[in-house]
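Order of listing sets the numbers, starting from 1, for every ligand and every atom in it.
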Amino acid sequence: MNIKNSVIAYQEAVKHIPGGVNSPVRAFNSVGGNPLFIKKANGSKIIDIDNNEYVDYVGSWGPMILGHAHPDVVEALHQTAMNGTSYGAPTVIETEMANLICQLIPSIERVRMVNSGTEATMSALRLARGYTQRDLVIKFEGCYHGHGDSFLIKAGSGALTFGTPNSPGVTKGTASDTLTAVYNDLDSVLSLFSQYKDQIAAVILEPVTGNMGVIKPTEQFIHGLRKACTDNGTLLIFDEVMTGFRVARGGAQELLDITPDLTTLGKIIGGGLPVGAYGGKKEIMDMLAPNGPVYQAGTLSGNPMAMAAGLTTLKIVNEIDGFYEQLEEKAAFLAEGIQKNLEALNFPGVINRVGSMFTLFFTKETEVNNFSDVMKCDTDLFAQYFKLGLENGIYTAPSQFEAGFVSIAHSQEDLQKTIDKSYDAFKQLLALNDSL
Ligand SMILES: *Cc1c(COP(=O)(O)O)cnc(C)c1O
């Protein structure tokens with residue numbers, strides 16, 4: 001595979017961009033090698049600056065549920081741009097966006113637009129603290145909620161205790177307000193509730209995880225969380241930045257039949273432009289400025305370009321009959337195909353899938369249900385598989401701990417090719433690795 005131009009582009013990029021990238025995972029550090037610089041993308045395909053074409057399962061890390069450069073989205077952006085790209089004053093498309101979000105996700109009665117998922121979770125947490133007049137928050141090991149200080153916390157040494165900063169620059173003071181618990185382990189949460197009675201403002205989680213790979217919560221865990229939050233006057237925040245409009249039309253909360261108090265959104269609702277949003281019960285959202293005392297603002301929030309791309313995307317997923325059924329069929333076909341390959345070759349691996357999100361874990365375990373299961377994966381083997389994928393024209397996330405995304409633009413041919421190439425890759429890996 002010739003990636004000469006990407007190699008040169010990377011050498012240029014590192015001269016003035018830290019690590020050559022504007023978001024760390026793009027740098028290929030966990031798999032080795034040179035990141036591919038992208039020239040363009042269309043439908044299910046992405047093309048690098050050496051003109052190599054790949055079937056794309058990254059989908060810009062989630063937003064591209066319609067595939068790339070959907071003609072209606074492109075047209076909406078074109079029309080909008082001609083009328084000016086931002087005014088810093090209200091527009092009716094913001095109301096239209098809010099109406100559609102509230103219609104599709106009934107737990108959201110009021111919604112505020114922001115510019116990224118990170119901003120959405122940070123703001124939702126501030127609101128939860130302002131509303132409950134409490135300081136502590138519980139998050140789960142392995143869940144990612146953007147790069148806000150309160151979320152860059154790892155479990156303390158005594159496991160379930162005050163967190164410690166996961167990044168220099170996060171103060172001990174901030175870290176001490178974040179408690180960490182174990183995903184799919186209700187007892188780990190209940191013991192924090194009893195230890196810190198009446199002090200916990202919110203529990204935040206990915207209701208289906210993507211950021212440690214795909215893991216579904218057990219019924220007992222997710223229903224138990226809802227009850228524990230209600231019993232303790234704590235707000236339950238579903239971070240649906242990834243799962244919103246992805247795992248079902250109404251997000252993971254529809255799939256799991258749970259009503260959170262607050263929901264954060266991003267990715268798909270921006271249709272590929274920078275967007276986030278948070279919303280929930282009217283009574284809580286009315287605490288926000290200008291109605292209430294909790295401050296949050298944004299120069300470009302709700303800007304016309306982002307609203308145009310996002311609203312067009314949401315309208316399409318809402319209006320196409322059987323959109324999510326089609327997506328489910330495509331993703332199931334892919335995951336089952338890969339599963340059959342694992343079995344046929346007796347290759348150790350677990351494929352987790354919820355709707356059009358999936359992760360192939362390189363592990364000898366039989367199930368992957370939480371962060372410590374995830375940590376048992378063979379990341380070297382993953383890196384080898386990843387590189388074979390690129391050579392075979394398959395573009396997946398350059399890290400074991402991520403979700404892959406199937407879009408509505410993935411064709412039967414794309415999916416079959418991916419399955420066939422995975423068979424070849426497993427076979428090659430078996431030949432190359434004595435440990436298997
Ligand atoms: C992507 C993501 C975020 C962060 O969103 P950004 O737009 O990258 O700031 C937060 N939470 C979850 C669950 C995500 O997947």
N/O separation below 3.5 Å, Thr121 to ligand 1
no
Tell me: protein heavy atom nearest atom 9 (O) of ligand 1, and distance?
Thr118 OG1, 2.6 Å
Is Glu206 close to ligand 1, meaning an N/O of one under 3.5 Å from an N/O of the other?
no
Atom indices of ligand 1, in the order listed, that fall short of 4.0 Å to a heavy atom of Asp239:
10 (C), 11 (N), 12 (C), 13 (C)
Starting from atom 14 (C) of ligand 1, locate the nearest protein heavy atom and write down its residue, its atom name and how far away it is, to 0.1 Å.
Lys267 NZ, 3.0 Å
Side-chain donor/acceptor of Lys227 to backbone N/O of Asp231, under 3.5 Å
no
Under 4.0 Å from one or more heavy atoms of Ser116, ligand 1 contributes atoms 7 (O), 9 (O)
So does Lys330 pair up with Glu325, basic N to acidic O under 4.0 Å?
no
Can you give me the closest heavy-atom contact between Thr312 and Ala76, atom names plus distance?
OG1-CB, 3.3 Å
Tell me, do Leu256 and Lys216 make a side-chain contact under 4.5 Å, heavy atoms counted?
yes
For ligand 1, which atoms, with element, lie under 4.0 Å from some heavy atom of Tyr144?
11 (N), 12 (C), 13 (C)
Write out the residue and atom name of the closest protein heavy atom to atom 3 (C) of ligand 1, then the distance separating them to 0.1 Å.
Val241 CG1, 3.7 Å
Holding to ring pair (Phe, Tyr, Trp, His ring centres under 6.0 Å), I want the full list of residues that pass it with Phe361, two or more places apart in sequence or in another chain.
none
Look at the rings of Tyr183 and Phe140 and say which category their plane angle falls in: under 30° parallel, 30 to 60° tilted, over 60° perpendicular.
perpendicular
Ignoring angles and geometry beyond distance, decide whether Asn211 reaches within less than 3.5 Å of ligand 1 through its nitrogen or oxygen atoms.
yes
OH (Tyr196) and CG (Asp135) are apart, to the nearest 0.5 Å, by 13.0 Å
Under a heavy-atom criterion of less than 4.0 Å, does Glu240 contact ligand 1?
no
So does Lys39 pair up with Asp50, basic N to acidic O under 4.0 Å?
no
Does an N or O anywhere in Gly117 fall below 3.5 Å from an N or O of ligand 1?
yes
